[in-house]
**Q** 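Supplied in structure tokens, the structure appears directly below.
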Amino acid sequence: MRNTLSSELLFELSKPGCRAAELPPCDVPVRPIDELLPAEALATEPLPLPELAEPQIVRHFVNLSTLNMSVDANFYPLGSCTMKYNPKRNERLAGLPGFANLHPYQPDETIQGMLELLYQSQHMLSELAGLPAVSLQPSAGAQGELTSLLVAAAYFRDRGEPKQLVLIPDGAHGTNPASAAMAGFETAAVKSTPEGFVDIDDLAARLDDRVGVFMITNPNTLGIFEPRMAEIARRVHDVGGLVYLDGANMNAILGITRPGDFGADLMHFNPHKTFSGPHGGGGPGAGPIAVAEKLAPFLPSPVVVKDSRGYRLDYDRPKSIGRVRSFFGNVGVLVRMYCYLLTHGPDGLRRIAEDAVLNANYLLSRVRRFLAVPQGDRCMHEFVASAAKLKADRGVAAMDVAKRLLDYGFHAPTVYFPLIVKEAIMIEPTETESRETLDAFADALECILQEPAETLHDAPVTTPVSRPDEVRASRQPILKWKPDE
Ligand SMILES: Cc1ncc(COP(=O)(O)O)c(C=O)c1O
């Protein structure tokens, strides 16, 4: 018999007369409803709501909640997007009424605790970045990129320097060129070498006084640290450009090196990745940015400051680019970030990076025995395998391998990114995983590669939906019970 409790909709499970709650008989005088409400506020017939008993409702939602892979239930090696475990302590702390029940319109003097938390967060991020000024406002890494590029554009405008161009390595995340274009810049790609580094000759050929910003991800999207970072930064600075560090991969270098020390002028953090905030369904996220002193006047307004009267929001910032988000940013995520930072402290954060790199290298050493890792002698926090040979020899694509991993109880790795690796399978274990989990994942991958191609083409077979048309699902979502009504 099929368990329909999660596959059927509440409307389909509905049975007339079923109730989740029985109200006691009314013990106050009853007045007709039309004496209490005007006619236009009254429905002419009962609302078409599903009628169910409480256990049905509970089972429906609990079963639904188990259909998705989640980091609480499964290993989640989603390269670049760093879905690390979300410590439950941080969830509890962020839910305390003193945080969760604040209203953003409360006067500063009634939210001193929250402002202090944000102020200290600005300070801690500044320390980790090696850059003095921070804005907590942006709500995602991508919005941090856009905000930083708007800051850069304002800086160049203020100096009367017309800079039109942003250079971006060809292995970069797609949000990089998108953010640059949204901020009004033209973009051009810089080639990577076969080893996966920035091609310095190509960069040098493109650098001139039109270049405003060079956006770089370091460690890069192949999970390797740019060995010539200092030279790259010097060359960009020599033409009057700024170096932007996409901080999505900060997990590999926390407390070990600082972007400001290796030449970055501005950067974003992804607290929903690096600092273990929840990250799903496109949010809720945060994307604070840190910038050099000369860029500080252009940061979004307000920033949290401290003076003799305590903490307050400073709006008096004449050169600011203005708001990029309502209120102070995505405070729920920032509270979790703060808890994470305080829990680990400086030594703990360094240990996180070291363990993340150790775990990734352990997994790399196992995976490369049966799957090609083109740039993979060693890695930082993640590595990128390639199914190109598998595809050529047996018609098995990266997508087939990723989908089959779901049947083995693992979330799929990121696939087809970065674009510079054919049939890319990007794997990032993070620091929280045990050796047993890493071994189980490597064993599963090895088994999968020995399975017949037809089995892999049909995967996953254990999930409620096998291979949805993802583009159609996002462009034409069916969100109504009866789409035609
Ligand atoms: C390298 C890189 N840059 C930028 C981003 C954008 O971050 P967010 O998802 O927070 O917008 C990501 C996210 O996936 C990323 O992996």
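Every number for a ligand or one of its atoms is a count from 1 in the order of the listing.
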**Q** Specify the protein heavy atom at minimum distance from atom 12 (C) of ligand 1: its residue, its atom name, and the distance to 0.1 Å.
**A** Lys273 NZ, 3.2 Å
**Q** Going by the angle between their ring planes, with limits at 30° and 60°, are Phe275 and Tyr340 parallel, tilted or perpendicular?
**A** tilted
**Q** Which residue holds the protein heavy atom closest to atom 15 (C) of ligand 1, what is that atom called, and what is the gap in Å?
**A** His173 CD2, 3.4 Å
**Q** For Glu145, take its heavy atoms, then give the atoms of ligand 1 lying under 4.0 Å from any of them.
**A** 3 (N), 4 (C)
**Q** Is there a nitrogen or oxygen of His268 sitting under 3.5 Å from a nitrogen or oxygen of ligand 1?
**A** no
**Q** Taking distance alone, with no angle check, do Thr221 and ligand 1 share an N/O pair under 3.5 Å?
**A** no
**Q** Suppose we measure from atom 3 (N) of ligand 1 to each protein heavy atom; which comes out shortest, and what is that distance?
**A** Asp246 OD2, 2.5 Å
**Q** Mind listing the closest non-hydrogen atom pair of Ser121 and Met337 along with its distance?
**A** CB-CE, 3.7 Å
**Q** Does the N or O separation between Asn176 and ligand 1 drop below 3.5 Å for any pair?
**A** no
**Q** Would Ala142 count as a polar contact of ligand 1, with the cut-off being nitrogen or oxygen pairs under 3.5 Å?
**A** yes
**Q** Under a 4.0 angstrom heavy-atom cut-off, which atoms of ligand 1 come close to His272?
**A** 10 (O)
**Q** Ignoring hydrogens, just give me the one of Ser80, Gly277, Ala172 whose non-hydrogen atom is nearest atom 16 (O) of ligand 1.
**A** Ser80
**Q** Output yes when Asp443 and Arg366 qualify as a salt bridge under the 4.0 Å nitrogen-oxygen rule, no when they do not.
**A** yes
**Q** So if I count the atoms of ligand 1 from 1 in the order they appear, which ones are less than 4.0 Å from some heavy atom of Thr175?
**A** 4 (C), 5 (C), 6 (C)
**Q** May I ask whether Gln143 places a heavy atom under 4.0 Å from ligand 1?
**A** no
**Q** For the pair Arg368 and Asp377, find out whether any cationic side-chain nitrogen is under 4.0 Å from an anionic carboxylate oxygen.
**A** yes
**Q** Inspect the surroundings of OH in Tyr105 and state if more than 12 heavy atoms from other residues, nucleotides or ligands are less than 6.0 Å away.
**A** no
**Q** Considering only heavy atoms of Ala140, which atoms of ligand 1 have at least one such atom less than 4.0 Å away?
**A** 10 (O), 11 (O)
**Q** May I ask you to say whether Asp72 pairs ionically with Lys88, meaning some side-chain N is under 4.0 Å from a carboxylate O?
**A** yes
**Q** Does Thr217, backbone or side chain, put an N or O under 3.5 Å from an N or O of ligand 1?
**A** no
**Q** Between Asp261 and Arg258, is the closest basic N to carboxylate O distance under 4.0 Å?
**A** yes
**Q** Which of the numbered atoms in ligand 1 are below 4.0 angstrom from a heavy atom of Gly141?
**A** 7 (O), 8 (P), 10 (O), 11 (O)
**Q** Look at Arg210 together with Glu186 and state whether they make a salt bridge at an N to O cut-off of under 4.0 Å.
**A** yes
**Q** State whether Lys403 and Asp400 are salt-bridged, where the test is any N-O pair (Lys NZ or Arg NE/NH1/NH2 against Asp/Glu carboxylate O) under 4.0 Å.
**A** no
**Q** Under a 3.5 Å cutoff, is there a donor and acceptor pairing between the side chains of Lys84 and Asn251?
**A** yes
**Q** With heavy atoms of Asn270 as the reference, note each atom of ligand 1 found under 4.0 Å away.
**A** 7 (O), 8 (P), 10 (O)
